[in-house]
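One structure is given below, encoded as structure tokens.
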Amino acid sequence: MRSGTSSLMIARLISNAGKMHNANLKAVSKRIKQPKWTPAEDQFIKDNLGYLTDEEIGKKLGRTAVGVHVHWSRDLHLKGPSKAPGILTAHDIAKILQVDAHKIAHWVDVGFIKGRLMAGGRKIRLIKEKDFYKWALQTNNWIYFDPSKVGDSELAHLINIRAKLWGDEWWSTPKVAKYHRVNTKDVTRLIADGRIRAVQPKWSLGGRHPNQAWKYWFVKKSEATKPSLKFYHRKGVPGHSRIFTDSAIAWIVKAIDEKGMNFTEVARSMKLKDKQAGSVRNWYCRTKGIDLSTKFKYRGKRRKKVTK
DNA sequence: CGTGGATATTTACCTGTGAG
DNA sequence: CTCACAGGTAAATATCCACG
């Protein structure tokens, strides 16, 4: 069938040859004489398709880029490198994960997701499906996408299994805050103090900011809901949470009123950092009903003089 | 410690581009 | 023409800093 049509084409070309210039006639006869593709050449194409351009392959084999392209697509029935089975583009992965494609392209570029650039002028990322699956099934990477939103049915199934085995979740700071009915700032504060264990993504979450001034925090559900983590609320201070227990505040008052300690000393006695002395003062003032702003300045200055 | 404010990042789009 | 990506943008909001 195929040989029939091609010989037809040749016959047509030859019949038209009379109307052609000599140069064209030469080209036609040259094409007919193209040597047959050897198994070694076929293998070379299979090995290098996507790694080299058609032109580069042609140069190696002494054939034209068009000749190479026609051979792998028509004769060898190979798919284009970005459409080959088991190969995904950054765009494909973005669709599967339901995230912006910029992210995937960036994560491939920085080596977070294993992949490579396709040969040619376009920056098309080729990622082996297996490598992507391996990446997507690591629970540590679930801070980069929502595993429950994965569209690909096979991957979604595998993720489901992994999620059940893990038995945990990544929570954003607002989610932790909502759970405890406190402000997000309260959560980030405790993270900064080391009272809540949390992680930040190593790579730009949005895929557009390689050098970040700050990053999101993620907390495991198990960590966010641990019994030892409690936020204390005070009446009359809306939207305001504290970490000091009643007994801790009682100690602050006692240490200052009865022991004559300054705020820094009290903070140290509570195993807090020196810079947290201001907070000790805050709660001392609140407890004693002293105005927070004005009284503080006066008190802080005088105390410094007294201790020195 | 607690918080207001400044600043940066993410999100979620849309549009442009150029190779094939 | 299509596809895959690059670049833009506005709005929302998380984080960090500095100071009380």
Side-chain angles (χ1 to χ4, degrees), chain A residues 50 53-55 65-66 68-70 73 80-83 87-95 98-106 108-109 115 117-127 143-146 172-177 182-195 198 200-201 203-219 231-234 237-245 248-249 252 263-264 266-267 270-287 290-301:
Chain A
T53 61
D54 289 341
E55 198 179 347
V66 172
V68 169
H69 189 93
V70 167
S73 65
S82 64
K83 285 168 187 164
I87 294 293
L88 299 169
T89 63
H91 188 82
D92 293 335
I93 291 179
K95 244 182 180 173
Q98 312 247 40
V99 300
D100 191 280
H102 290 88
K103 297 179 177 214
I104 312 298
H106 177 68
V108 170
D109 291 347
L117 285 180
M118 194 176 112
R122 303 173 67 182
K123 286 180 76 180
I124 296 178
R125 285 91 176 168
L126 302 181
I127 301 102
I143 61 174
Y144 289 90
F145 66 96
D146 182 348
S172 65
T173 49
K175 185 156 186 177
V176 177
V182 298
N183 295 330
T184 304
K185 282 184 174 183
D186 294 323
V187 176
T188 46
R189 175 164 47 82
L190 293 214
I191 289 171
D193 291 346
R195 300 207 215 193
Q200 288 179 299
W203 312 105
S204 168
L205 197 51
R208 304 249 215 154
H209 301 269
N211 307 306
Q212 294 156 304
W214 57 267
K215 295 169 177 178
Y216 279 7
W217 285 106
F218 292 90
V219 183
F231 292 83
Y232 298 89
H233 301 272
R234 297 210 111 196
V237 193
H240 194 147
S241 70
R242 66 188 166 95
I243 199 68
F244 285 175
T245 59
I249 289 176
I252 290 171
F263 296 122
T264 306
V266 176
M270 296 170 77
K271 292 182 183 174
L272 299 171
K273 291 168 188 167
D274 284 2
K275 67 173 184 177
Q276 293 169 333
S279 177
V280 171
R281 182 214 57 234
N282 267 359
W283 283 107
Y284 175 75
C285 294
R286 282 196 186 109
T287 310
I290 303 167
D291 185 85
L292 271 177
S293 50
T294 55
K295 287 287 179 185
F296 167 74
K297 273 185 181 171
Y298 175 68
R299 223 186 160 77
K301 275 176 188 170

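Values reported hereafter were calculated over all heavy atoms of this structure, with side chains retained and with hydrogens, waters and symmetry mates removed. Letters go in sequence order (proteins before strands), and every chain restarts at 1.
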With heavy atoms under 4.0 Å as the rule, sort [X] into base, sugar-phosphate or nothing.
X: A/Arg208; value: base
X: A/His91; value: sugar-phosphate
X: A/Asp109; value: nothing
X: A/Ser172; value: nothing

Options C/dA4, B/dA12, C/dA14, nucleotide nearest the side-chain atoms of A/Tyr216: C/dA14

A/Val182 versus A/Val187, closest heavy-atom pair with distance: CG2-CG2, 4.1 Å

On the side chain of [X], is there an atom forming a donor-acceptor pair with the base of [N] - under 3.5 Å, no angle test?
X: A/His102; N: C/dG7; answer: yes
X: A/Arg125; N: C/dC5; answer: no
X: A/Lys123; N: C/dG7; answer: no

Looking at [X], does any N or O in its side chain come under 4.0 Å of the phosphate oxygens OP1/OP2 on [N]?
X: A/Gln98; N: B/dA12; answer: no
X: A/Gln200; N: B/dT9; answer: no
X: A/Trp214; N: B/dT10; answer: no

